[in-house]
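Each remark here refers to the structure printed beneath this line.
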Amino acid sequence: MGKLTLRSTLQWKNLEKNYKQIKKLTLRELFKDKDRYNKFSIHDDNIRIIFDYSKNIITSSTFKLLIDFVKLSKVNEYARKMFSGEKINLTEKRAVLHTALRNRSNNPVYINGNDVMSQINSALLKMKKFSNNLRNGRWFGATGKKIVDIVNIGIGGSCLGPKMVCEALKYYADGPSIYFVSNVDGTDIYEVLKKLNPETTLFMIASKTFTTLETVTNALTARSWLTGKLGIKAIANHFVALSTNTKKVLEFGIDRQNIFELWDFVNGRCSLWASIGLSIACFVGFDKFVELLEGAHYIDQHFLNTPYEKNIPVIMAALGFWYNNFFGASAHAVLPYSQYLHVFSAYLQQNDMESNGKAINFEGKRVTYETGPIILGDVGTNCQHSFYQLFHQGTKLIPCDFIGFINPLREIGDHHEKLMASYFAQPEALAFGFTRNQVSENLKAAGFSSADIKALTPHKVFEGNKPSNSILIDKLTPKTLGALIALYEHKIFVQGIMWCVNSFDQFGVELGKTLADGILPELKGQTGKEHDNSTKNLIKLFNLRRNNMIL
Ligand code: F6P
């Protein structure tokens, strides 16, 4: 961008002008164009995904201007740099190569002149052997029993990715049961361990750094639980590590051959495609894990090789940018209509907000515009009975993504038709609303008095004009799930480029951790550092009451 600030570019100013015109239009008016769906939707017949973005507050000129902005941002150039192993994570001087983890073409990808595909392929082979052995009862616990339960201990990307995928693919699961422990709150691990038999339990300690307080604390608790019952030698049969930090893993006592490698070119929030996904391979089988990779690889190719105008993640990113930076929308909702995707929004919260929740641009300056939105969501239809009220009638504009499936994984009566009726109805209601006239006619027909009609009408109006995307997929399979995740990963990547922020570091999580490290001794009776008056008094009261020194 050089000396030019984003907001002073012609492309930004053109969008500003367009916004002034467009804000006077409504989706009702825009849909007078009978061809609107055809203009603003994409059908990918290979992976069988339909992306309908016609219910957005855009005209063809808006769309063109948004694409002009993407061109200005040189998204393609950055994407090629990412895929080819350039160190685009500038603050940490690292390559960003989650795309290489699912590079099913196996074309070489170089970092400092070394092809990383050979190490990725051998790590995948190790995952394959281990997951096959475990699932087929060829990996035994210390007392010779088959492993039937796996506990993944990890947090952030070392939990949310594999947890989301295991939940999403539960229908395909035919391996051991999987539990995820992440919180340092001891009740998390307690509630899991109380159900398990150490003789048949395997712990996967998932931590890229192997220094994360929550994970190390939970891992130590798991180790005491296991060795207390089976002795220290049992660690070799019951603990594996998914990590870059071999030294720390060995110090913890896990055998070298039980370490599943990870590399610093894999960002934590995109690590489910690497060894952090070992729980997935054990749960649904390695072949299905590969299908997941294939789906993501398919979208990688789509993203790299499709013109911006037909490029789904680019369009998702551009539309999010439109609302975030011109309509002042501070949040974005992701709403899957599938119970199997009940962790999807939580997963995306980390991926999106940890990536683009930044206020400093590539040049180290504070941005003068909004960046990453607040991501929220839950599964339909549950959220219709909680926060949709605000979407429909609140004062905030929350653009939504509705994700649905044509075929259910379980045909049970007419459940799926009922579910999908809501999937279609909600975007329609958001876009077109229910006018004052429609409300009063309805009330009249229901026999309300004119006084009541007058009083009630404003409360029952739906203003409409609330934008949404609809993603409609044939069926939830490992492949389509891989594709769906990759669509969002690339959307987040594109937005980071558009906002000129480094999506790949996460320094914002550090300060709280450092302060907590300083406070911990104070909660154990030692003297601590200086604090503000509020924190000091709260810690003092905590200590007094915890030690029953005052009521
Ligand atoms: O919250 C910060 C973070 O570094 C995340 O980015 C990461 O996914 C998580 O902590 C866990 O880190 P690790 O895998 O190193 O334990």
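Order of listing sets the numbers, starting from 1, for every ligand and every atom in it.
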Do protein heavy atoms approach atom 1 (O) of ligand 1 to less than 4.0 Å?
yes
Proximal atoms of ligand 1 relative to [X] (non-hydrogen, under 4.0 Å):
| X | value |
| --- | --- |
| Gly156 | 8 (O) |
| Lys208 | 13 (P), 14 (O), 15 (O) |
| Gln350 | 5 (C), 6 (O), 8 (O) |

Measuring from the heavy atoms of Glu214, does anything fall under 4.0 Å of ligand 1?
no
Which label fits [X] and [Y]: parallel for a plane angle under 30°, tilted from 30 to 60°, or perpendicular past 60°?
| X | Y | answer |
| --- | --- | --- |
| Phe83 | Phe303 | tilted |
| Phe239 | Phe252 | tilted |
| His490 | Phe493 | perpendicular |

Centroid-centroid under 6.0 Å between Tyr78 and Phe362 rings:
yes
When you look at NZ of Lys248, are more than 12 heavy atoms from neighbouring residues, nucleotides or ligands closer to it than 6.0 Å?
no
Within 6.0 angstrom of Lys128 NZ, more than 12 heavy atoms from elsewhere:
no
Ion pair check, Lys247 and Glu251, cut-off under 4.0 Å
yes
Starting from [atom], locate the nearest protein heavy atom and write down its residue, its atom name and how far away it is, to 0.1 Å.
| atom | value |
| --- | --- |
| atom 11 (C) of ligand 1 | Ile155 O, 3.2 Å |
| atom 5 (C) of ligand 1 | Glu354 OE1, 3.4 Å |
| atom 4 (O) of ligand 1 | Gln506 CG, 4.2 Å |
| atom 15 (O) of ligand 1 | Thr209 OG1, 2.6 Å |
| atom 12 (O) of ligand 1 | Thr212 OG1, 3.5 Å |

Using a 4.0 Å heavy-atom cut-off, which part of Val509 comes near ligand 1: side chain, backbone, both, or neither?
side chain
For ligand 1, which is the ligand I care about here, please tell me if [X] has any N or O atom under 3.5 Å from one of the ligand's N or O atoms.
| X | value |
| --- | --- |
| Gly157 | yes |
| Lys513 | no |
| Thr215 | no |

Does the cation-pi check pass for Lys491 over Tyr488, that is, NZ or CZ under 6.0 Å from the six-membered ring centre and within 45° of its axis?
no
Between Thr91 and Asp505, is any side-chain donor less than 3.5 angstrom from a side-chain acceptor?
yes
